[in-house]
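This structure is in structure tokens; I'll ask about it shortly.
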There are 2 protein chains.
Amino acid sequence: MKRPTIADIARRAGVSKGAVSYALNGQPGVSEATRQRIIAIAQEIGFNPNSAARALSGATANAVGLALCRPARILGIEPFFMELISGVEAELSARSYALTLQVVADQEAEIAVYRRWWGERRVDGVFVCDLRVDDRRVPVLEELQLPAVVIGGPGHTGSLASVWADDAAALVETMEYLFALGHRRIARVGGLPGLLHTEIRRQAFVDAGQRLGLEQSVTVPSDYTGEEGARATRRFLSSSGRPTAIIYDNDVMAIAGLAVAQEMGLAVPGDLSIVAWDDSALCQLTHPPLTALGRDIPAYGAHAARQLLAAIEGKPIGAYQDETAHLTPRGSTAAPRPV
Amino acid sequence: MKRPTIADIARRAGVSKGAVSYALNGQPGVSEATRQRIIAIAQEIGFNPNSAARALSGATANAVGLALCRPARILGIEPFFMELISGVEAELSARSYALTLQVVADQEAEIAVYRRWWGERRVDGVFVCDLRVDDRRVPVLEELQLPAVVIGGPGHTGSLASVWADDAAALVETMEYLFALGHRRIARVGGLPGLLHTEIRRQAFVDAGQRLGLEQSVTVPSDYTGEEGARATRRFLSSSGRPTAIIYDNDVMAIAGLAVAQEMGLAVPGDLSIVAWDDSALCQLTHPPLTALGRDIPAYGAHAARQLLAAIEGKPIGAYQDETAHLTPRGSTAAPRPV
DNA sequence: TGTGCCTACTCAACCGGTTCAGTCGAAATC
DNA sequence: GATTTCGACTGAACCGGTTGAGTAGGCACA
């Protein structure tokens with residue numbers, strides 16, 4: 001089946017290729033009558049502009065890129081990326097931009113992908129996920145002058161645009177909530193060390209612990225998997241002066257932690273309170289349901305997409321602060337049992 | 001920053017554009033010495049072929065498309081797609097093909113996306129997920145002659161290539177396992193009605209129920225969410241002559257079902273055995289851990305990608321049967337308590 | 001009547017690759 | 001020594017859009 005081109009339309013309308021291009025792109029240079037006639041013909045024969053030809057002449061590929069740097073195993077576990085993608089998509093497809101996805105092994109590979117995309121002119125801009133402290137990807141993107149939106153922050157984004165949420169505030173809110181319940185020994189199972197948001201949460205945890213004058217506030221890193229969450233929980237719970245509350249950096253680890261506590265004969269929330277970051281459907285399915293920090297991830301993705309499209313259009317953009325995660329108290333948190 | 005082109009390489013090497021093209025693509029027509037010299041220059045200046053120009057002259061876009069037709073909420077819940085994507089990606093990026101993703105609202109929108117992609121020459125082929133009975137997308141793709149691999153089946157794939165797994169066999173294995181344990185009243189919470197694999201599993205369930213001469217074998221559809229899983233479970237468990245085992249079409253519903261059973265004071269596995277389809281990390285985190293039907297989804301995606309790349313190269317391909325899901329017995333299944 | 005200006009186009013170059021039809025010189029064949 | 005053959009390479013067309021320069025015709029104004 002032969003694909004129709006503007007030459008076909010031009011022939012049928014009895015005008016030149018140029019006139020067809022002007023007409024279909026809403027440019028001046030054709031009369032309204034001719035424009036309507038051309039649009040009608042284009043619709044009739046089901047014309048779609050060849051994206052390659054368009055990208056070759058104009059500078060825009062009408063596509064943006066997203067590189068994910070996580071092992072397959074973890075990508076599956078975390079609803080975060082899929083929700084983010086669906087939010088991004090909603091915004092992009094409204095403007096008929098395509099999303100090009102690539103799963104990479106490490107930062108070096110990711111940088112290579114950016115360079116390749118840039119060289120191939122395959123994308124007009126990219127999203128940067130999992131921002132790190134002094135992220136090496138940032139200077140590369142600045143050098144390439146490839147429009148980019150960093151999903152994360154604040155800080156360490158260089159001159160790139162960004163979308164971020166105030167995780168520190170959300171963590172402090174959680175700490176104060178646990179403190180108000182009477183908890184004085186609080187532990188935390190963090191995410192991958194090196195990721196900026198892990199670092200920000202860790203710092204906020206330590207600071208809040210000091211400010212509130214907690215007896216104990218320990219935090220350990222992990223890798224988001226249930227196994228790691230279980231291991232960390234086991235270690236916390238078998239230490240002397242064990243914590244009465246644990247905050248987990250994602251829901252999967254919190255669920256694993258809940259299982260470990262119950263296995264060890266501890267009552268939740270009687271002996272141990274549990275808070276999960278990321279409020280997915282899973283948090284409501286456990287026994288007891290998990291108190292969780294949640295926010296609208298698809299909306300976060302949509303904001304990021306809007307920022308990126310603006311950046312591609314050359315508009316000056318900066319950092320956009322998304323809503324702060326809010327705490328939904330459920331059955332997994334309560335006052336600690338008096339000793 | 002100016003992107004290097006083959007013209008730049010040609011100038012530096014003192015040859016024509018054509019010679020550079022031959023050299024870089026491994027075509028005959030240049031001497032080995034010249035080829036090496038050109039490759040060295042290309043590497044030195046960091047050359048990447050402009051994908052638009054390549055797509056415009058050759059017919060290949062070096063990209064394939066995947067349209068997902070599920071609401072954002074459900075996409076996030078299910079690890080399936082993310083795992084599938086990471087498997088697909090592994091295969092594609094090895095051949096430096098890009099994956100273009102699009103989330104669509106319904107089948108009509110998906111068909112429109114295929115037509116647009118085809119018209120825009122944006123992709124060389126597509127993956128078709130969530131195959132339905134008499135799927136309307138199949139004839140459209142046949143008409144467009146757009147290379148496609150259907151992920152699902154068997155059957156209803158028309159002349160398109162496909163990758164499938166024998167879900168019926170896996171379901172029968174599960175039924176026989178439960179039967180051997182002593183279960184005679186088995187229920188099933190299925191997936192979205194209309195999806196072919198839901199239909200295949202339902203039919204296999206009904207057939208096996210009859211063949212084994214079960215006292216009861218009821219199956220209801222759902223939408224994969226925990227809420228629906230919980231609702232269906234509640235209805236099953238409050239009926240007279242309630243089932244002693246329930247098979248769920250995904251892990252999230254199984255976990256929700258487990259919670260419901262425990263809420264209603266039923267012991268798992270004593271009063272109720274539970275089997276989940278899709279063996280994610282979650283299945284091992286519950287109490288008791290869930291007996292589950294699992295298989296290697298990233299590998300499934302990789303096979304699909306290989307099939308699609310072969311189809312794009314014009315090789316004749318048919319249906320590829322992937323491994324059948326295998327049952328991993330865990331703590332959620334046991335012999336039913338004698339009445 | 002000539003000049004200026006605007007509208008509505010046409011024409012051709014251009015983007016950066018691929019590919020086919022030649023060309024040129026050297027080696028092989030008779 | 002003339003002819004054929006072949007390898008190595010050049011030149012130009014081509015893919016399908018976009019875009020700037022050029023132009024014909026109409027109308028207004030002095």
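Chain naming here is simple, since letters A, B, ... match the order of the sequence lines and numbering starts at 1 in each.
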Taking side-chain hydrogen bond (donor to acceptor under 3.5 Å, both in side chains) as the test, write out the residues that go with B/Glu91, two or more places apart. B/Arg306
How far apart are the C-alpha atoms of B/Thr100 and A/Leu99, what are their side-chain angles, what is the distance that settles it, and do they pass the side-chain contact (heavy atoms from CB on, under 4.5 Å) test? CA-CA 6 Å; B/Thr100 295; A/Leu99 177 67; over 6 Å; no
Tell me every residue that passes side chain to side chain contact (heavy atoms under 4.5 Å, CB included) with B/Ser57, counting only those two or more places apart in sequence or in another chain. none
Axis-to-axis angle across the helix from C/dT1-D/dA30 to C/dC30-D/dG1, five pairs each end, nearest 10 degrees, ~ 60°
So, using side chain to side chain contact (heavy atoms under 4.5 Å, CB included) as the criterion, who are the partners of A/Ala304 when residues are at least two apart? A/Phe127, A/Val149, A/Ile151, A/Val163
Between protein and nucleic acid, restricted to nucleotides 24-27 of chain D and to nitrogen or oxygen atoms under 3.5 Å apart, what atom pairs and distances do you find?
none

Between B/Glu143 and B/Arg115, is the closest basic N to carboxylate O distance under 4.0 Å? yes
With a 4.0 Å cut-off on heavy atoms, is B/Thr5 in touch with a base, just the backbone sugar-phosphate, or nothing at all? sugar-phosphate
With a 4.0 Å heavy-atom cut-off, tell me which residues in residues 44-53 of chain B come close to DNA chain D, sorted by residue number. none
May I ask you to list the residues of residues 6-19 of chain B, by number, that have any heavy atom positioned under 4.0 Å from an atom of DNA chain C? B/Ile6, B/Lys17, B/Gly18
Side chain proximity check, B/Leu101 to B/Ile85, heavy atoms < 4.5 angstrom: yes
Close side-chain approach of B/Arg136 and B/Ile111, heavy atoms under 4.5 Å: yes
Please assess B/Leu192 against B/Asp130 for the test side-chain contact (heavy atoms from CB on, under 4.5 Å), listing each intermediate value before the final yes or no. CA-CA 10 Å; B/Leu192 282 171; B/Asp130 285 340; over 6 Å; no
Can you tell if the side chain of B/Leu66 reaches within under 4.5 Å of the side chain of B/Val88, non-hydrogen atoms only? no
Please list residues of residues 23-39 of chain B whose heavy atoms come under 4.0 Å from any atom in DNA chain C, ordered by number; otherwise none. B/Asn25, B/Gln27
Partner set under side chain to side chain contact (heavy atoms under 4.5 Å, CB included) for B/Asn48, not counting sequence neighbours: A/Arg116, A/Glu120
Does any N or O in the side chain of B/Arg132 come within less than 3.5 Å of the main-chain N or O of B/Arg137, such that one atom is a donor and the other an acceptor? no
Go through DNA chain C in 5' to 3' direction and return only the first and the last nucleotide with some atom under 4.0 Å of chain A's heavy atoms. C/dA8 to C/dG16
Given the rule in the side-chain contact (heavy atoms from CB on, under 4.5 Å) test, do A/Glu89 and B/Leu68 qualify, once you have shown the distances and angles that lead to the verdict? CA-CA 11 Å; A/Glu89 262 294 316; B/Leu68 294 180; over 6 Å; no
Tell me, do A/Leu141 and A/Trp118 make a side-chain contact under 4.5 Å, heavy atoms counted? no
Side chain to side chain contact (heavy atoms under 4.5 Å, CB included) against A/Val138, all qualifying residues, sequence neighbours excluded: A/Leu131, A/Asp135, A/Glu142, A/Leu160
If we ignore hydrogens and angles and just use 3.5 Å, is the side chain of A/Glu110 paired with the main-chain N or O of A/Val104 as donor and acceptor? no
Just jot down the side-chain hydrogen bond (donor to acceptor under 3.5 Å, both in side chains) partners of A/Glu83, sequence neighbours excluded, or say none. none
Going through the checks in order, is the side-chain contact (heavy atoms from CB on, under 4.5 Å) test met by B/Tyr97 and B/Asp124? CA-CA 10 Å; B/Tyr97 259 72; B/Asp124 298 324; 3.5 Å; yes
